[in-house]
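Here is the structure we will look at.
By convention here, the first residue in the shown sequence is residue 1.
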Amino acid sequence: QVQLVESGGGLVQAGDSLRISCAASGRTSSTYAMAWFRQAPGKEREFVAAVSWSGTITHYADSVQGRFTISRDNAKNTVYLQMNSLKPEDTAVYYCAGSVVNSPTTRRWDYWGQGTQVTVSS
């Protein structure tokens, strides 16, 4: 089993930057692609960004392309999401996910964290 724990969320103003992290533990050798999803109040969970095991292949939702950057440090079993030029519509609970498939475009996500709240004020 793999455990994912997110951290780094908080309250920021529009235009600010924030980096959130996801630390993996347990059978991390079974986790390849990693991703971030988010869920705003009253809305369904949506994909934000994903990265391959090597970190060289990434995939982004159109809404965050050019503003967010996903990266990973396998030595630390940690995935990051650098969020720049934040907007109020980025407000959501951000979830980390892991897959046994090594493709950032996979739809199979096997492991999930509990989420971290990001709030962007206008």
If every non-hydrogen atom of [X] is compared with every non-hydrogen atom of [Y], which pair is closest and at what distance?
X	Y	result
A49	L81	CB-CD1, 4.3 Å
R67	S85	NH1-O, 3.0 Å
A40	A92	N-CB, 3.8 Å
T56	S54	OG1-OG, 2.7 Å
C96	E6	N-OE2, 2.8 Å
A35	A50	CB-CB, 3.7 Å

Can you tell me how far apart [atom1] ([X]) and [atom2] ([Y]) are? Round to the nearest 0.5 Å.
X	Y	atom1	atom2	answer
S25	Q1	OG	CD	10.0 Å
L4	N77	CG	CG	10.0 Å
C22	W112	SG	CH2	11.0 Å

Apply side-chain contact (heavy atoms from CB on, under 4.5 Å) to [X] and list each qualifying residue two or more places apart in sequence or on a separate chain.
X	result
Y32	W53, N102
V93	Y95, Q117
A23	T78
E44	none

Pair listing, ring-ring contact (aromatic ring centres under 6.0 Å, His included) test, anchored in residues 56-76, at least two apart: F47-H59

Intermediate values then yes/no, side-chain contact (heavy atoms from CB on, under 4.5 Å), I70 and V79: CA-CA 7 Å; I70 188 171; V79 178; 4.0 Å; yes

Would you say [X] and [Y] are hydrophobically clustered, going by side-chain heavy atoms of ILVMFWY under 4.5 Å?
X	Y	answer
V2	V101	yes
F37	V64	no
V100	W36	yes
V48	V120	yes

Do [X] and [Y] come close enough that some side-chain heavy atom pair is under 4.5 Å?
X	Y	value
R38	S63	yes
V118	M83	yes
T58	P104	no
M34	R72	yes
R27	Y111	no

For the backbone of G9 and the side chain of T116, can you confirm whether one donor and one acceptor N or O come within less than 3.5 Å of each other? yes

Examine distances only and state if a side-chain atom of T91 and a backbone atom of P88 form a donor-acceptor pair shorter than 3.5 Å. yes

In a table with atom names and distances, give each donor-acceptor pair under 3.5 Å that connects a side chain of residues 14-21 to protein atoms at least two apart or in another chain.
from: D16; atom 1: OD2; to: Q13; atom 2: N; distance (Å): 3.1
from: S17; atom 1: OG; to: N84; atom 2: OD1; distance (Å): 2.9

Just wondering, are more than 12 heavy atoms of other shown residues or ligands nearer than 6.0 Å to CD in E89? yes

